[in-house]
Protein chains: 2
Amino acid sequence: MTPLHHRIRRDIESRIMSGEWRPGHRIPTEAEWMAAYACSRMTVNKALRSLVQSGLLESRKRAGTFVSAPRFHRAALEIPDIRAEVMEQGLSYRLDLLHRERRPATEEDKALLRIPDGELLAIQCRHFAEDLPYALEHRLINLSAVPEAADVDFSAEPPGSWLLAHVPWTEAEHRITAINADPATAKKLEAPENTACLALERWTWRGQERITYARQLYPGDRYALTAHFHA
Amino acid sequence: MTPLHHRIRRDIESRIMSGEWRPGHRIPTEAEWMAAYACSRMTVNKALRSLVQSGLLESRKRAGTFVSAPRFHRAALEIPDIRAEVMEQGLSYRLDLLHRERRPATEEDKALLRIPDGELLAIQCRHFAEDLPYALEHRLINLSAVPEAADVDFSAEPPGSWLLAHVPWTEAEHRITAINADPATAKKLEAPENTACLALERWTWRGQERITYARQLYPGDRYALTAHFHA
DNA sequence: GACTCAATAATGTATATACATAAATGGACC
DNA sequence: GGTCCATTTATGTATATACATTATTGAGTC
């Protein structure tokens, strides 16, 4: 037996999806749904609130509940944990630590990590899938926020995976763009000079504390991000 | 007055965010929360279910409610309506229709739109911001799903904006990658040959019906996608 | 010790009710 | 006609209660 509030939700959804109820349309009141399904208001309310939370409906006191304007431009983007993603494809994963340095934040570091001052860990590494470079990563880790990171051997575990497992929760901001590989980058990625690369930058924090900044370059012909949206 | 279930939700969130409760930790039962806040179980339940829906908690009958494994790799990506985005930046927008053709689906069209057969509208256009090409767009519109599109003058309104306003609801899938501009593309974008471009492909449908396929190329130095995640 | 099965404890669903809140409505008044 | 204000109506929050569901626990049995 599917719960009643799921059925109500589904029924409303399909009225919207079919185009019967266009954006802006005022749907029946909770009292009317109660009558239609011979159920209590709480049950109707549960269905409606869930649709409101997922963005399909909007409700205003006194006025009623309305179909939202469609916004299919909002999609859930899966930002990958590179190691997990490579291994999911059945490929062998290898990490190559190019550089690792503990240092007081330079002006550039401060701007990227958005911190006023402090010590950090700067890492450069390459992610390999099946002996082909998959991504080149620059990373800064704020040691005042994550002091344990100072003692981690990032030649074995990729910094992203380690942080994902050890830093309890985060907010994150991403910036995605395309850039041409300069000669040094191209060499490290074993790709032709000027190859178009997907550049994925990520800023992560917990509460007010800045945790890490990462910049990953993926050769465009070896990688694509996918995002999916559905109501 | 902030509602009680919001306060409970916030309190649980901050326990998780601070790292006090790590992923896998079993949080107090609903009965214990009831006692702690001297409120009814429905109120506690509302807070917990909202946290479950947003992915911070998971609950299993009989066993209890647990902190989820962090997944900060899930971010909300804002897929732009190009015209709206350009104009939001205070720049002038101009559309340049390069090609428009009504035709039975070719083999390639069928593969892209993922339809078995039918008639479609194929469009190629350029989006300008302040007299500089901002994006080059190829688009296919399935005329069996959206017959009205056949009569629309897409030299005035960009196909994306028109569809957003006229097709009631959709599912969408996106693919983001980086490619080098070939000579013809570079010329149309008024960018140097081989310029790294962000390629954004989008498949859209409503129920089972395929609506449209779009492929937009943005010169990497003129554009970046951003995505934000927060609990 | 290993299997069976009933008791138990947690979440999941649902009802009925009450009062709070906010905005649209409509009437009284100038 | 326009302004003010009380009324009305829809959603928002919350309580108290009941029974369903399901995985764990633990006792009893072989």
Side-chain angles (χ1 to χ4, degrees), chain A residues 1-16 20-71 169 231, chain B residues 1-16 20-71 169 231:
Chain A
M1 262 306 268
T2 68
L4 181 53
H5 68 267
H6 281 180
R7 270 189 48 214
I8 300 178
R9 192 197 148 120
R10 195 171 35 73
D11 290 353
I12 298 176
E13 263 178 4
S14 68
R15 291 273 239 300
I16 297 173
E20 185 182 339
W21 287 343
R22 303 301 230 85
H25 177 84
R26 181 184 152 160
I27 73 166
T29 66
E30 297 191 349
E32 287 165 326
W33 289 114
M34 277 174 72
Y37 286 88
C39 68
S40 78
R41 202 183 131 212
M42 281 297 292
T43 305
V44 170
N45 192 266
K46 203 166 199 173
L48 293 186
R49 285 192 59 78
S50 133
L51 286 164
V52 167
Q53 190 165 344
S54 71
L56 221 67
L57 296 179
E58 289 167 29
S59 33
R60 299 202 316 273
K61 281 181 193 163
R62 178 61 173 84
T65 302
F66 302 83
V67 178
S68 303
R71 311 199 288 177
W169 198 257
Chain B
M1 263 305 271
T2 68
L4 182 53
H5 68 269
H6 282 178
R7 272 188 47 214
I8 300 177
R9 191 197 148 123
R10 196 170 37 74
D11 292 352
I12 298 175
E13 263 178 3
S14 67
R15 291 274 238 299
I16 298 173
E20 185 183 338
W21 288 342
R22 305 301 230 84
H25 176 84
R26 181 185 152 159
I27 74 167
T29 66
E30 296 190 351
E32 286 165 326
W33 289 113
M34 276 173 72
Y37 286 87
C39 69
S40 77
R41 201 182 132 215
M42 280 298 290
T43 305
V44 170
N45 192 267
K46 203 166 200 174
L48 293 186
R49 284 192 61 76
S50 133
L51 286 165
V52 166
Q53 189 164 346
S54 71
L56 221 66
L57 296 178
E58 290 167 28
S59 35
R60 300 204 315 274
K61 279 180 194 163
R62 177 63 172 85
T65 303
F66 302 83
V67 178
S68 304
R71 311 199 289 177
W169 199 257

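So you know, we letter chains A, B, ... as the sequences are listed, proteins then strands, and number each from 1. In what follows, every heavy atom counts, from backbone to side chain, and hydrogens, waters and symmetry copies are set aside.
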Expected output: side-chain A/S68 to main-chain A/L56 donor-acceptor under 3.5 Å: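 Here the side-chain-to-backbone pair exists.
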Main-chain N/O of B/V67 paired to B/W21 side chain as donor or acceptor, under 3.5 Å: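 Not a single qualifying donor-acceptor pair exists.
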Using only side-chain N and O atoms of [X], determine if any of them is under 4.0 Å from OP1 or OP2 of [N].
{"X": "A/T43", "N": "C/dT15", "answer": "yes"}
{"X": "B/T65", "N": "C/dA10", "answer": "no"}
{"X": "B/R26", "N": "C/dA10", "answer": "yes"}
{"X": "A/T29", "N": "D/dT9", "answer": "no"}
{"X": "A/R60", "N": "C/dA24", "answer": "yes"}

Return the value, rounded to whole Å, for the distance between atom [atom1] of [X] and atom [atom2] of [N].
{"X": "B/I27", "N": "C/dA10", "atom1": "CD1", "atom2": "C1'", "answer": "12 Å"}
{"X": "A/L48", "N": "D/dT13", "atom1": "CG", "atom2": "C1'", "answer": "15 Å"}
{"X": "B/K46", "N": "C/dG12", "atom1": "NZ", "atom2": "P", "answer": "16 Å"}
{"X": "B/E32", "N": "C/dA9", "atom1": "CD", "atom2": "P", "answer": "13 Å"}
{"X": "A/H5", "N": "D/dA20", "atom1": "NE2", "atom2": "P", "answer": "17 Å"}
{"X": "A/F66", "N": "D/dA10", "atom1": "CZ", "atom2": "C1'", "answer": "10 Å"}
{"X": "A/R41", "N": "D/dT13", "atom1": "CZ", "atom2": "P", "answer": "11 Å"}
{"X": "A/H6", "N": "C/dG12", "atom1": "NE2", "atom2": "P", "answer": "10 Å"}

Per B/M42 side chain, nearest of listed nucleotides D/dT17, C/dA24, D/dT13: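 Of D/dT17, C/dA24, D/dT13, D/dT17 is nearest to the side chain of B/M42.
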First encountered from the 5' end of DNA chain C, between B/E30 and A/T2: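 First, find each residue's nearest nucleotide; the 5'-ward one identifies B/E30.
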Shortest non-hydrogen contact from A/A69 toward A/P23: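 Result for this residue pair: CA-CB, 3.8 Å.
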Check: B/F66 and B/H25 side chains under 4.5 Å, non-hydrogen atoms: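 SC-SC contact between B/H25 and B/F66 ruled out.
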Rounded distance (nearest 0.5 Å) linking atom NE2 of A/H6 with atom OG1 of A/T43: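 Answer rounded to 0.5 Å: 11.5 Å.
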Whichever of B/R62 and A/R49 has its nearest DNA chain D nucleotide further upstream toward 5':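 The residue closer to the strand's 5' end, by nearest nucleotide, is A/R49.
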